Structure formats: C-alpha cells, structure tokens
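Report on the structure given below.
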Amino acid sequence: MNSESVPAAAPSDFIRDIVAADLANGRHTKIHTRFPPEPNGYLHIGHAKSICLNFGIAREFGGICNLRMDDTNPTKEDVEYVDSITADVRWLIQGWADHCLGLKPKGKTPETVTSAGKPDFHLAPVSGIRQPASDLEPFYASDYFDQLYEYALQLTRNGLAYVCDLSPEETERYRGSPDRPGQDSPFRTRSIAENVDLFERMKAGEFPDGTRVLRAKIDMASPNIWMRDPVLYRIRHSEHHHTGDQWCLYPMYDFAHCLSDYIEGITHSICTLEFEVHRPLYDWILENLDLPRALPRQFEFARLSLGYTIMSKRKLMRLVNERLVSGWDDPRMPTISGLRRRGVTPQALRDFAYNIGITKYNALTDVAVLEKAIRDDLNARAWRRLAVLRPIKLVITNYPEGQVEQLEAGNNPEDPAAGTRQVPFTREVFIERDDFMETPPPKYFRLRPGGEVRLKYAYIVKCDEVVKDAAGNISELRCTADLGSKTGGPTAGRKVKGTIHWVSAAHAIDAEVRLYDRLFTVPEPDARGDFKAHLNPHSLEVVTAKCEPAVGEARPELRYQFERLGYFALDPDAATDGASGKPRLIFNRTITLKDTWAKAAQKS
RNA sequence: UGCCGGAUGGUGUAACGGUAGCACAGCAGACUCUGGAUCUGUUUGUCUAGGUUCAAAUCCUAGUCCGGCAGCCA
C-alpha cells in the first residue's frame, strides 16, 4: 500500500454530520474552521487530534482552517511557542491539507468594512495567488485587541457591561456556588456614562492590576456559573509577545474567542468538552452585539487521553523544567516535536487520529492503537538494514580468512521499487547476544550449542563451540557453515527454524543508538498522586551498535528498520559533527517490532 | 441538594425503529530467509427497571454510575 494513500472510507462523526447538513440545507456555502492554540507550551498528540479534525473538515468539505494564536494572556505566552506551534502544524498537515491552511499577510489586522449596510470588522485568510510563506503568518487574537475593545465599548454603551471594583476574592464570593445563586455586585448599577469613562481609563492605564474589571451584565442567579456576570476584561500591566507594551488591558478567553471566530468568518468553532458550559456565553456575546454577518457556532468533542502518557501542558512543562527529559522535543514526550524526533511520521499521526474517532465520551485510548498506526506506516516505508545492538562474535571456521562476499539484499520487501544494496559477508561476524542461548527454553529457535540457524541473506551455520573468557562470559562462538546453503545455493532450501541478523566484523560501523521505552510505568500516570512517581527509570538506554556499511549513508528524511529489532530514525544531533569533524551516527528507536516471542517467553 | 454532558465486548468506535458491525488488544492456526509483515478462524458487548411498538442500542418514564463547571487561565 502506498504510504501517502488516504483511508478508504471518509471519516464520519457527529461533527462532520453537522457540517454536511449545514452545507446541504444552505446554512453555509463555505466551511471555515480554525485551530486556536494558546502559545504557552508545545503542541502534543492531543492537539494533533484537534488539528486532524479541523483541517480534515476543511479538506473534506472544500473549506479553510485558520491557524490562530489564542494569545490573550501576556503573562503565560511566548514567541518560542508561536514558532514551535506553527512549525508543528505545518509538519503535521504537510502533503495532506497544506492547501487548507488559513494564514494572513504579516502584520495585517482586521479591516473595517460594511456588511449588510452595517459597520463590520473582517479578516479573511489569503487565498488565490500563492504568496511566499515568509510573507504570511498565523492569525493572532491579539491582532483584534482594537476591535475587541470597540465591541466591549458597544456592550457597555448598551448597558450590557459594567466596570466592577470588587477584588478578585470578593468577586469569587459574590459569584455564589454551583448550587447557590450569586449576588449582584454593588457596582452593577453604575451609570453607562461612568462605565464608559472608567473603561476608557482602564485602557489608558490609570489603574493598577486587579483593581477593576469589565463584566458582562447577565444574571447572577443563573444556574450556569459562566452566565453570572463573567469578567470580560482585566488589567495587566505586562508586555505582550505580539503587541508589546501597547496594552495594559486584556480580554478574557470567553470574550475574545467568539469574536475572533466572528471576525475571521469561522462557521464551525470546534473545541473540547470543558467549554460546553461556556457555550451559552459564547452565544450571548455574539447575539448581543449588532453583528451583520453569520454567527459562528461552537461544537465540542472529547479531548484525547492516551494510556501511559500525560497530556497536561503544565505537567509536560514540569518534565522539561525539572530536566526529567531533555526538552519539549525529547523523543519520549507525547509532543508533536517529540514524536517527530522519535521518527514518527505525520502520516502515522493522521492515521491514528482517524482511527480513534470523534465523540463526546471521555475515553482512555489504548497506546497500542498509536503503536499500531506507527508500525503500519513504518513497515510500508522503512528501508531494512542489518544492525547488532549487543554484539557477540561468531567465527565461521570453515570459511576462508580474508574472503569477502557481497550479498544482495532488498531495501524493502514491502516495496520492490526501493531497490537493493550489497551487504559484505566475511569469516567473522557479530550477532545479537539474545540470538544465542546455551540452555534455551522450549520453543527457542535461534542459535544454541550444536544447533543450526540461518544468517539472513547468507549461510546456514552450526554452532560447534562456545568460547568463554576467564570470568565465564561468552567471548566467541565458533561455527561451521553449510557452504552450499547461501541464498540461491544448492542446499538453500533446507529448512532451519531460525533466521538471525548479523554484521561483518571487519566492515561494521559504529552508531549510537538510543533505545526509548514508554515514559511512564502505569496506564494513567496522573490519575492520582504525583505523576512523577510513575516515571519509567528505563525509558532510555543508549548502546553502541555494530551496523552494516549501508547504514553510513542514512538520511534524516528516511526511516529504517534494523531487521528483527525495530524502526529507527536519524536524530538531529547526528548532524552536529563532533570535534573530530567526522559525522556521528545517532539513531532513535521509534518503536520495536511486534515481538510475539518475547511475550511467549515471558508467559512461560 | 444546582447546571451541562456522557454510558455499546478488555479498549475505542459504528449502527439515526428492522441481521449489533469495524479497529485495537487477546486466543488458535497457516505462511514466512525478519518469532516482522501477510492470511484464516475465534472468545467477549447495548448501565438498570419499567413502558410504547409486529420490532428498541435507538423512542418515553424513573433510576444508577461516570465526566465537566465556582481563574481577573485557556
């Protein structure tokens, strides 16, 4: 199967059903979604689910999906995250939904237009003429601060918002509790003129942080906490990564999000379940402003929970800050950059997202589903190579010293078009320590004293002698080869139970190989207690592997399977040559091959 | 004791009043110069109780259980 092929059936879920119906009944003629991360951390595989949903819908229904930084809280956000998010999104949708990515010209802010005879703000993505990527940037909620302020003023002038001087603690107390109504703020009855004046002075920077907020005037007795006069604006005298020191007044998520959607012409605003209770507020804000164009609607789906991993940005940041991993892109991290570095392809992530579906049920997805998607993808594309992780020397006593045979081996049995390479064979080879046992358990069919095994692409060998050092460790295996059993030879058809991989000792090249395992030892690391107590102490092991010469030509964009071991990808560290000036080979193990023997052996 | 959601095999996910299907996992077998891949077979399910109907996972009623909501976070 071609690795770039799309799943046979088009995805279907309750959100796509709604989109299709909106198109069919003429509610919309064009679909516009958005992916709106807050730039306060790196994107993880949960975001990948959302990206695949939002861009997938745009792609399937001929629409656009805007990438938007939801950056209304200057104290938590940073350009480092803006850059990583942009790169991760591009990487994930590359070759799949690039044509649906909504960006805007650098520096562009909403235009003041007239829609249906009314004043309006609008900012459309670039389309049509292909603009150089360097001239484009994501959308930013912070680019709408002027318009948002204008809308807030409008609400205030209409008596639907007021300036409140209650302290944060008092505000909390007045809010009541879920089962008890709140109380009106004493400032709720301020005159419109005073509210407008105060709000303008808040913007002008006359008041310190925390002294006043702008609140919507809705209903302090509402059973929905988010309708109890929610805060719309708060004062923050801090520098913003995108707007600098222009503002000391910042909108809250609820106020900014629905209006950002509106300004961009979003039709379907898809978010996770925890925002479900915010939806009445989302609608209230839009409906209480005189907006001339079609209003966006919000839909919610369940965020991804994956076994053996944590998804909280806060906790991932702790792993990074406390140096429990090497960084956001540590190959053990569930971040998109970590998965990328590990060798996972965008295709595998998209297949995974497709397989898990979209619902409103808070499910815990089995990591096996992810692993399956990664293996399927890599099996189809990876080039096979021979490498020995934990070498033990094997000498073929009846093979001439100094003789070298070049054996032809296919690059990928799943794809003959991938061609072949030559593998040198000599008298002394390395084999995997695990592939020999002096006293093997039942059903072990690799090498044993007196036993036979095939060296892949080469000869069948028989183990005659086990040589040990003074300490009793095996130092060498002495074998004889059936010299007629070479692939294509007269006795090649002989059946031997096992086939193992090997590397010619004289030709072996060294590579650093980083063997990654899952970061946590339990299915739900943050279910209870300290998630760090469940860190897997063996999540990384580094070995120096003996590799066939062709491994020296490895390229970062390709994926490799070290036969019988797993899938590997070149680490970016490999590019930074050491002081010697010689290129270093560093591989990350993306994932092991499925190992049914290990499972069987464990059981007995 | 408030509001908003949700509940289908071990785990996810379909079925939109008409044969409970698919994927992953598991198990058994075939094949294999990767104990991989591939192929075949297979165990296991509609939260409970009533009701409507020729017929209910689906509609109605009453429960049960689970998740979310009281940041000047998103």
Side-chain angles (χ1 to χ4, degrees), chain A residues 9 12-13 17 36-38 40 70-73 75-77 164 166-168 171-173 175-182 209-215 222-228 230-236 250 252-254 256-257 271-280 300 302 307 313-314 355-373 375-376 379-380 384 386 409 413-414 443-446 453-458 460 485 487 492-501 523 561-566 592-601:
Chain A
S12 166
D13 53 65
D17 289 348
E38 182 187 15
N40 68 345
D70 204 356
D71 55 350
T72 55
N73 185 353
T75 62
K76 293 192 174 174
E77 298 151 7
C164 178
L166 251 27
S167 71
T171 307
E172 192 184 329
R173 215 172 319 125
R175 187 158 33 226
S177 60
D179 56 345
R180 239 176 335 101
D209 290 5
T211 51
R212 285 184 229 263
V213 293
L214 183 76
R215 293 229 248 168
S222 169
N224 183 339
I225 300 235
W226 293 100
M227 298 299 271
R228 320 242 260 230
V231 173
L232 266 22
Y233 268 92
R234 77 291 214 184
I235 299 170
R236 283 259 191 292
Y250 292 94
M252 297 288 291
Y253 164 86
D254 289 293
H257 205 92
C271 61
T272 43
L273 250 29
E274 66 271 27
F275 294 102
E276 211 160 15
V277 282
H278 295 237
R279 195 186 333 132
E300 311 86 12
K313 270 201 245 180
R314 209 191 90 249
N355 289 336
I356 57 176
I358 299 292
T359 64
K360 300 190 75 158
Y361 177 71
N362 277 306
L364 177 64
T365 299
D366 193 332
V367 260
V369 180
L370 207 215
E371 294 172 346
K372 168 74 174 167
R375 287 196 181 104
D376 281 353
N379 177 51
R384 315 293 130 125
L386 297 179
E414 307 290 323
K443 288 192 192 160
Y444 181 87
F445 48 80
R446 278 113 92 159
V453 77
R454 173 175 290 280
L455 297 178
K456 176 125 191 181
Y457 307 121
I460 295 171
S485 67
T487 304
R494 276 177 56 209
K495 294 289 176 205
V496 260
K497 204 72 171 133
T499 297
I500 64 172
H501 59 279
Q561 180 195 110
F562 292 163
E563 292 206 49
R564 303 208 309 128
L565 297 171
T592 61
L593 252 30
K594 203 167 111 187
D595 191 348
T596 46
W597 163 247
K599 209 173 353 183

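A note on names: the letters A, B, ... follow the listed sequences, proteins ahead of strands, and every chain is numbered from 1. Hydrogens, waters and symmetry mates are skipped; everything else that's a heavy atom, side chains included, is used. Keep in mind that this is a model prediction, so the values were computed, not measured.
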What interatomic distance, in whole Å, is found between [atom1] of [M] and the corresponding atom of [N]?
N	M	atom1	result
B/G51	B/A55	C1'	15 Å
B/C16	B/G21	P	14 Å
B/C4	B/G18	C1'	34 Å
B/C73	B/C59	P	41 Å
B/U46	B/U8	P	11 Å
B/U52	B/A56	C1'	10 Å
B/C66	B/G45	P	23 Å
B/C31	B/C39	C1'	8 Å

Check the distance between [N]'s [atom2] and [X]'s [atom1] and give it to me in whole angstrom.
X	N	atom1	atom2	result
A/L364	B/U13	CG	C1'	14 Å
A/D13	B/G12	CG	P	18 Å
A/R228	B/C4	CZ	P	13 Å
A/Y361	B/C47	OH	P	11 Å
A/M227	B/C4	CE	P	13 Å
A/I356	B/U11	CD1	C1'	13 Å
A/R279	B/C3	CZ	P	17 Å

Legend entry - Nucleotide-resolved protein contact map, nucleotides 65-74 of chain B, B/S/- at heavy-atom distance under 4.0 Å: --SBSBSBSB
Legend entry - Under 4.0 Å protein heavy-atom contact, by nucleotide of nucleotides 35-40 of chain B - B base, S sugar-phosphate only: BBS---
Inset, instruction - Taking ring pair (Phe, Tyr, Trp, His ring centres under 6.0 Å) as the test, write out the residues that go with A/Y457, two or more places apart. - result: none
Inset, instruction - Tell me yes or no: between the side chains of A/N224 and A/S222, is some donor less than 3.5 Å from an acceptor? - result: no
Inset, instruction - Step by step, work out the salt bridge (Lys or Arg N to Asp or Glu O under 4.0 Å) result for A/D376 and A/K372. - result: CA-CA 6 Å; A/D376 281 353; A/K372 168 74 174 167; 3.3 Å; yes
Inset, instruction - Give, for atom CG of A/L386 and atom CZ of A/F562, the distance between the pair rounded to the nearest 0.5 Å. - result: 10.0 Å
Inset, instruction - Under 4.0 Å between any heavy atoms, over every strand shown, what does A/K313 touch: base, sugar-phosphate, or nothing? Just pick one. - result: nothing
Legend entry - Chi-angle category of B/G71 [syn within 90° of 0, anti beyond]: syn
Legend entry - Side chain A/S485, main chain A/I460, donor-acceptor under 3.5 Å: yes
Inset, instruction - Mark yes or no for whether A/R454, through its side chain, and A/A458, through its backbone, hold a donor-acceptor pair below 3.5 Å. - result: yes
Inset, instruction - Take A/H501 and A/L565 through the test side chain to side chain contact (heavy atoms under 4.5 Å, CB included) and record every step on the way to the result. - result: CA-CA 9 Å; A/H501 59 279; A/L565 297 171; 3.9 Å; yes
Inset, instruction - Please lay out, stage by stage, how A/M252 and A/T72 fare under the test side chain to side chain contact (heavy atoms under 4.5 Å, CB included). - result: CA-CA 7 Å; A/M252 297 288 291; A/T72 55; over 6 Å; no
Which atom pairs, one a donor and one an acceptor, fall under 3.5 Å between side chains of residues 355-366 of chain A and the rest of the protein, sequence neighbours left out?
residue: A/N355; atom: ND2; partner: A/D351; partner atom: O; Å: 3.2
residue: A/T359; atom: OG1; partner: A/Y361; partner atom: N; Å: 3.2
residue: A/K360; atom: NZ; partner: A/E276; partner atom: OE2; Å: 2.4
residue: A/D366; atom: OD1; partner: A/A368; partner atom: N; Å: 3.0

Inset, instruction - Considering only NZ, NE, NH1 and NH2 on the basic side and carboxylate oxygens on the acidic side, decide whether A/K594 and A/E371 come within less than 4.0 Å. - result: no
Inset, instruction - Could you check whether the rings of A/H278 and A/F275 sit parallel, tilted or perpendicular, using 30° and 60° as the cut-offs? - result: perpendicular
Legend entry - Helical stems, RNA chain B - three or more consecutive Watson-Crick or G-U wobble pairs below 3.5 Å: B:2-7 with B:64-69, B:10-13 with B:21-24, B:26-30 with B:38-42, B:47-51 with B:59-63
Legend entry - A/K313: salt bridge (charged side-chain N to carboxylate O under 4.0 Å, His left out) partners, not counting sequence neighbours: none
